[in-house]
Amino acid sequence: MEQHLTTGNVEEVTKKIRRTMGQHVRVVVSTLNQWAMDFQGNRDRILLSIGLTRLHQARYRTGPELEVCGYSCEDHFHEPDTFRHCWEVVLEIMRSPVARDILIDVGMPVQHRNVAYNCRVAFYNGRLVLIRPKMILCDDGNYRESRWFSAWTRERQTEEYQLPREVAIALGQETVPIGDAMLATLDTCLGYEICEELWTPRSKHIDMSLAGAEILVNGSGSYMQLRKANITGELIRHASYKAGGAYLFSNLRGCDGQRVYFNGCSAVALNGQIIARGRQFALEDVEVTVATFDLQDIRAYRGALRARSTLAAATPAYPRIQLSIELASSDRAWGAAAAAAAEPMSEPIDDVSSPLLSSSSSSSSSSSSLLSSSLYTPEEEIAMGPACWLWDYLRRSGQGGFFLPLSGGVDSSSTAIIVYSMCRLVVRACEEGQQQVREDCGKILAEPGYVPTTAADLCKRLLFTCYMGTENSSRETRQRAAQLAAQINCHHMDLNIDGAVSALLGIFQLATGTRPRFRAAGGCARQNLALQNIQARTRMVLAYLFAQLMLWVNGRPGGLLVLGSANVDEALRGYMTKYDCSSADVNPIGGISKQDLRQFLAYAQREFGLPIVAEIVAAPPTAELEPLVDGALAQTDEQDMGLTYAELSQFGRLRKQELCGPFSMFRKLASGAGITTKPPTTGHHRDPREIADKVKHFFRCYAINRHKMTVLTPSYHAESYSPDDNRFDHRPFLYRVNWAWQFAAIDAELQHLAAHDQQQPDADQHQQQRRTVQSEAATRAHLFGIATAMLQEGGMDRGGGGGNSKAPINHCKPIDQSIERTTTTNACNCDAGGGGDDDESDGGGAHPASPTPPPAQLHRGSSHIFRSERDGDGSINGPSIGTVGGGGGVGGTLTKSQSTGAGGYGRVHCSVMGKIKDRPGVPV
């Protein structure tokens, strides 16, 4: 009987034909939340990922870097026990029935000839097939791999690795190849690179793809940093675009015991397109990303790239480890039922507008095959990254919640809202049926079986906040703290700590017979500073007291983790009291700038429904440690610091990202080459001397306060200019605070600019006179030429005999085209609000504007003198660097009369010394 095919039938038949005739490979890349030195937990998570691989009927499983022991073991990599326990875990995994008939590789350290290597270890059906060591180590940022490992330097070479005796006996196998080699199955070829090898200029995947590797595998340990995820995604995509092939990227996710948060985003790319991607932020411990692709698509793509084919034909061969297995699915291997249940081919991922609520498209919450390729905004990254990091830290620390001194300002409010965001993520994970998250909730709260239904309910149980006010605290901050606590539904207290502060001052008075006074009451800068610090340090002591006992008061076991709330800019400047509330157990915002926190709060107000946030963002940042004046604030952070938060971010990026010392920073800013986020501001001008004073002020404060970084609270790493001394920013903590040589170089540059500026008016006048003379001569010559021509044409120049005697036109001498020109360049355009000359100034505030600038301002660039012409309104044509008074970048509180040459710079630092927030120091 004739069979009639509908459109749907044709599509179904086509899919069956493709499954039957093509060479379809289904692979799994694992995203694991491992924990350093937790061998049992790490083993269980690896086995679960292998079980999910079998559930999806994939033939190949790969995982993250150093997944067996955890990436952040650090100096434990020097211990022989670490290597021994890793082999013990691998043996158990290889013996597990769930690992049968699946090609698997895991990340672990291996010691070969007494040298430690960071390796991928591949095995199949109880037999080790290859150990591939890492060939390029990472020592940037928070990475210190060369401290523990050596790079494999023998390209395209292998050796025989003698297995540890216990492993050899258990497997019945004495050796396994180790080195730079590829795995060749009966139907395809796999090549390996590890993490950093993807990021280097000479990535290994290029040579391996030219040598025939069709599937390239990368086990990675890449941590989260704001605005970084898109870079990783582009590297993965381009790795498969240039030379064709499938690129499998498997990454860690979560806090494994350090300051960083590994940010997931495991992905599979095919011929330049992402076809599967895992989540960046999630609470689940195990997620597998599944992709299915046709090997023929790789071969067709590569065959069409003729230049690639030419290079491949001349590429030296790689050592290949031959395996008698097939990765492509077939009815013979999996049976008819498996073929019928086969998943469709993975397609390129389409962008969507909002990834925040995206979830796995597969039936299991622990697997993903097609997720949004859209990236999170920085605000969303702040909302989710630190929240996931806090959850990992909380559940693995064995504590019962958090305690936060809540002041009602931007920083402490951001910390509280991040905890609230964590509660939202936990509730969502429970709703998705994630059993591990449910069990963790019950364990943390000592309530087995408890499942949170709302974020507010969970926040009430997990977060304890306290407003610790003094006589210097304003009514507005107290109200903002209370309203925020009510809106996120945390357990909030409102205290006055004046009694404790007075008691401590009473002890000092009893011992010395004197009592310090605030500056407003006639005290000196040292007294003023000490009275501020005693308030701040009292809050820290009380915070730990409440953290230890609040669960006891509420009839629950355990204690609370104390949360800090100092941002990265204040740490960079040292604008914090040593051992105040910036000292805590962990700090979720310690790696985030003030500007990013403000944007995050605006996002949280909108997305989380927190109306009070608008008032918090609008309020001026203040420590409220000095007496109020008629009930109003007499102190703001930016006035105290002598710098705006925008300036601190700019200085921080120049110091760390651009690797600038004082002199280079000044030159970049003075030439308009500095980093800026503000549009040009018209009508204002910043003199290079003012920029020099700002740079000197920043570096002096940085040097005086650098010692505080040695005791900086462990913070979530999010910013590339973090001053964290423990892992990320390795520098001295005892400086010569006057930077004599560096500041002298800045002064010399200023003198050079001033000398050139004095010469310029004379040169301009001379050029103008020269142009005037040349213009007059040209005009006379032009008129004479016209008159001559008229006489010739009209007969006015004829002789008396009536004969024609033409006179030649008398052209003037051409205007000299070699007149010196002045090059115009983009230069620093800064607001005018400079500080006054008063020695008692706090280093900030509103001051009279600078005098009207001259028509042109000189700036010195990297190698030349540039002249910046002004628009009609007097502004410099160039990027702006704002001010304290005008809203953002360099300048605004220090005038040129305060430069070092005039002696004003020293006076400025004397005046703000009481605001350095710990100790004034004495210039060396």
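On a predicted model such as this, the values are computed, not experimentally measured, just so you know.
The environment of OH in Tyr579 is sparse: at most 12 heavy-atom neighbours from other residues, nucleotides or ligands sit within 6.0 Å.
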*Carefully, step by step, assess Lys460 and Thr454 under the rule side chain to side chain contact (heavy atoms under 4.5 Å, CB included).*
CA-CA 10 Å; Lys460 186 72 172 179; Thr454 65; over 6 Å; no
_side chain to side chain contact (heavy atoms under 4.5 Å, CB included) between Ile444 and Trp391, intermediate numbers included_ = CA-CA 10 Å; Ile444 291 170; Trp391 178 251; 3.6 Å; yes
*Between Arg573 and Asp640, does a salt bridge (charged side-chain N to carboxylate O under 4.0 Å, His left out) hold up when you go through it step by step?*
CA-CA 11 Å; Arg573 164 62 170 75; Asp640 276 4; over 6 Å; no
*asked:* Would Lys694 and His697 count as a side chain to side chain contact (heavy atoms under 4.5 Å, CB included) here? Give the steps.
replied: CA-CA 5 Å; Lys694 282 284 187 179; His697 179 61; 5.6 Å; no
_Intermediate values then yes/no, side chain to side chain donor-acceptor pair (under 3.5 Å), Asp637 and Tyr645_ = CA-CA 9 Å; Asp637 291 349; Tyr645 284 105; 3.1 Å; yes
*Under the side chain to side chain donor-acceptor pair (under 3.5 Å) criterion, do Thr622 and Thr636 qualify, and how do the steps go?*
CA-CA 4 Å; Thr622 175; Thr636 64; over 6 Å; no
*Run the numbers on Thr577 and Asn533 for side chain to side chain donor-acceptor pair (under 3.5 Å), then give the verdict.*
CA-CA 6 Å; Thr577 300; Asn533 288 337; 2.7 Å; yes
*Go through the steps for Asn705 and Lys578 under the test side chain to side chain contact (heavy atoms under 4.5 Å, CB included), then give the verdict.*
CA-CA 9 Å; Asn705 291 284; Lys578 201 172 186 179; over 6 Å; no
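Under a 3.5 Å cut-off, the side chain of Thr538 and the backbone N or O of Val501 do not form any donor-acceptor pair. Looking only at distances, no side-chain donor or acceptor of Glu658 sits under 3.5 Å from a matching main-chain atom of Arg653. A distance-only check finds a donor-acceptor pair linking the side chain of Gln527 to the backbone of Arg517 [under 3.5 Å]. Looking only at distances, no side-chain donor or acceptor of Thr465 sits under 3.5 Å from a matching main-chain atom of Pro405. In this structure, Arg395 contributes its side chain and Leu390 its backbone to no donor-acceptor pair below 3.5 Å. Between the side chain of Glu615 and the backbone N or O of Ile612, no donor-acceptor pair lies under 3.5 Å. The backbone N or O of Val410 lies less than 3.5 Å from no partner atom in the side chain of Arg598, so there is not a single donor-acceptor pair. In this structure a side-chain-to-backbone donor-acceptor pair under 3.5 Å is missing from Thr415 to Ser565. The closest donor-acceptor contact from the side chain of Tyr223 to the backbone of Asn142 lies under 3.5 Å. Between the Asn567 side chain and the Gly590 main chain, no donor and acceptor come within less than 3.5 Å of each other.
Residues Phe600 and Ile417 meet the side-chain proximity criterion, which asks for heavy atoms closer than 4.5 Å. Side-chain contact between Tyr716 and Val260 is absent, with no heavy-atom pair separated by less than 4.5 Å. In this structure the side chain of Gln280 reaches within 4.5 angstrom of the side chain of Tyr376, judged on heavy atoms.
In this structure, Leu597 CG and Glu379 CD are separated by 10.5 Å, a value rounded to the nearest 0.5 Å. The CZ atom of Phe403 sits 9.0 Å away from atom CG of Leu545, with the distance rounded to the nearest 0.5 Å.
Asp580 and Lys708 are not joined by a salt bridge, as no carboxylate oxygen comes within less than 4.0 angstrom of a charged side-chain nitrogen. Using a cut-off of 4.0 Å between Lys/Arg side-chain N and Asp/Glu carboxylate O, Arg655 and Asp729 are scored as salt-bridged.
Annotation: Phe728 is in aromatic contact with His717 [ring centroid separation under 6.0 Å]. In this structure, Phe651 has its ring center at least 6.0 angstrom away from the ring center of Phe699. Between His491 and Phe464, the gap from one ring centroid to the other is short of 6.0 Å.
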Considering only distance and modelled atom types, tabulate donor-acceptor pairs under 3.5 Å from the side chains of residues 546-554, sequence neighbours left out.
residue: Asn554; atom: ND2; partner: Met550; partner atom: O; Å: 2.7

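Looking at every heavy atom in both residues, Ala566 comes nearest to Asn587 through O-ND2, 2.9 Å.
A side-chain donor from one of Glu624 and Thr477 sits under 3.5 Å from a side-chain acceptor of the other.
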